[in-house]
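A short write-up of the structure that comes next.
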Amino acid sequence: MDFTFMWETFRQLLTGVPLTLNLAFTSVAFGAVLAMMLALMRMSGIAVIEMIAKAYVFVFRGTPLLVQIFLIYYGLGQFRPTLQELGLWTFFREPYWCAILALTLNTGAYASEIIRGGLQSVPYPQVEAAKAAGMSGFLLFRRIVFPIAVRQALPAYGSEIILMVKATSLASIITMMEVTGLAAKMISQTFRAVEIFVVAGVIYLILNFAITRLIMALEWWLSPHLRRPPSIEPRIEAAHV
Amino acid sequence: MQQLSYFELIGFGPKGWGLALLTATGMTLAVALCGFLAGSIVGTFVAWAKLSRNLAARTLADGYTTVLRGIPDLLVIYLFYFGGSAALGAIGGLFGAQGFIGVPAFVTGALAIGIVSGAYQAEVFRGAYQILNRGELEAARSVGMHRWLMFRRIIAPQVLRYAIPGLGNTWQLVLKESALISVTGLVELLRQSHIAAGSTRRPFDFYITAAILYLVITWVSTYLFQRAETHSLRGLRRTS
Amino acid sequence: MKFFTALSVGLLASALATGGAAAQEKTITIATEGAYAPWNFTGAGGKLEGFEIDLAADLCARIKVKCEVVAQDWDGIIPALNAKKYDAIMAGMNITDKRLEVVAFTRPYASGMHGFATTKDSPLAKLAGLGERANLDKDPAAAQKIIEEWKPLLKGKTIGTQGSTVNSQFLEKYLKDTVTIREYKTTEQHDLDLAAGRVDAIYAAHSSLKATLDQPEFKNMTIAGAGVSGGVLGRGVAVAVRKDDADLKGKFDGAIQAAIADGTIAKLTQKWFKVDMTPQG
């Protein structure tokens, strides 16, 4: 093993970290909004709307993310004239926004199930108590349902964020120079695939370790009444592939 | 040259890619299935290590799942692809094999999927084992069953029963993971679509076809896993 | 129990597949890209075709070995050769000093120019030197002058090129501060993105650009600027083999020499490129 080379690789790959995190967090943020909407649709009690949300989740969880990325980037490129007429082309022209769109649509599907689980875990007596105290509608949601649901969903949502950080590596396929993209580029210059991919792997491990710690801290901060030893038990869930 | 219609493009005519796409779908199923089975073996051992009282085994197993959880699957596949056969070549050299050890892309792909999905399956098996009734294990021991016999007669059948839903999820995951194997040159569904998209310059038509084929596989396998679950629980009374 | 039976059958099958592949020794596996028309590409139904597929068949017949040509992603094609995934590469790969550090090349079997392509209505269509040729080795001053003439027009534009190629290295070396370079996995992908308007121009081998221009979907595309060769663009296209594989290199060298001598290369390049691309000297 050539440690000077690996250290140099490490330093060069670090320059891709901002883009990796940018892609992950932007899509997680947009995805959370989408997921919330989908979860509410699933629980709306209106058959048609429930079906739409269900179909959405089925399609986006049932196809590989790589196919979705190709479809959005190269596939929609085939319809450039139409998209230009609609004024959407400036958006689809950029590989960055195509990557964000694909990742957002994807995490929206997975996260909606997590949020639904969180919402369903809110104990009904709490809702009853709130109603007895005169709360209803949005106030009830904001003060009682939402905070409890968030606390419940946080560990699973943490895993989802980790999965998204990993999923950003696929954006390298559509010319994004994040960590994996830079690694591929460096390999083309040095032809030393194994060393470079090992270093890239270490970078992802460090990132994900840091994010796991942050989420644990958040969990601790959100549960002042519990304050038991935090447990973000290694949960392995469906990854985005 | 006249633009081909969508159905000519994916059909079975002289300019159609239908047969190639179907063959590639078969390849996707084959590599996913072999990878899933390889993952079951890995998963069984890792679950066993995680539950064992041996500190070294536990640490090793935890390290394995931590690493696999922390780095992108695409990197794992690349590493396996580039590093795996170099390692294999070195091992082969020790036994006097002549330099070149050809590992078909299929085997590399299936093993890579096995390594990745093994981490997920380990968690599924561990969870299922923990539901087992301790009394049954004690009973088995008291009638003198040896470890392997107990594993075969008592543990494996029940763990498998409880693990079916989790395994169903892992299978979906493996199916999607198999799309990443396309980077190693194995002509499975995504790679074939990719080749066709490049060759015909009609990316949308082929990627949407690939997406539909993946959905069909997902849909059929969800149904099969549900059947298996109902079947495996036929002797049990539902508590809920 | 069925589960375990299935497991052992699966294991056995993969073990046999591995053993089987190791046993066939007299077959040479040649990697190509399968996405670089007309050098090598995938035709309808998924069959590999192109100049290098024909040439490989010819060379292997001369060496008297059985050859299998497999498609392989370009960006890992050299590391995978050294990882012994196959024995040789014939994928429109130019001889460069950088590549010579890690693999060995046979003598070249073809050579050609490299340049830009853009859309006909683009301002870049007026890049200087269309139809001219410049060589970075033989006349570096003239080549440098043409590149300098390009710079004002190219300023701030986005250029697509295939990653890990002599083309991307050329852009990195001469135009890095002038243009934004966007690297693609295949030339087919940057063709699509030029048509989609995501890049202002693409930089590739003229042979591959011309093949793209011949397709009806790309009739709005044109070659722009002078053709350049030599220097970072390499010293001709050759077969790459592992460095310790001198025996195979020797066999290919002999076969290529024979194919050049009896006009096979001229005939095949005429067939696929419509121009004789036999390497000179």
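FYI, side chains are in, hydrogens and waters are out, and symmetry mates aren't considered; it's all heavy atoms of this structure. Order of the sequence lines sets the chain letters (A, B, ...), proteins ahead of strands, with each chain counted from 1. On a predicted model such as this, the values are computed, not experimentally measured, just so you know.
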Part of [X] lying under 4.5 Å from any heavy atom of chain A:
X      : value
C/K185 : side chain
C/A80  : neither
C/Q189 : both
C/R182 : side chain

Kindly give the heavy-atom pair with the smallest separation between [X] and [Y], and that separation in Å.
X      : Y      : result
C/R198 : A/I72  : NH2-O, 4.5 Å
C/A196 : A/G77  : CB-O, 4.1 Å
C/V102 : A/T190 : CG1-O, 4.4 Å
C/P79  : A/F191 : CG-O, 4.1 Å

Check the surroundings of atom [atom1] in [X]: do more than 12 heavy atoms from other residues, nucleotides or ligands lie under 6.0 Å from it?
X      : atom1 : answer
C/K151 : NZ    : yes
C/K243 : NZ    : yes
A/F30  : CZ    : no
A/F209 : CZ    : no

Structural part of A/F79 lying under 4.5 Å from a heavy atom of chain C: neither
- prompt: Under 4.5 Å between any side-chain heavy atoms of C/K98 and A/Q189, yes or no?
  reply: yes
message: Quick check for you: to the nearest 0.5 Å, what is the distance between C/D193 atom CG and A/R80 atom CZ?
response: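 It comes to 10.0 Å.
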task: Kindly compute the distance separating OG1 (A/T175) from CD1 (C/I181), expressed to the nearest 0.5 Å.
output: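 The distance works out to 13.0 Å.
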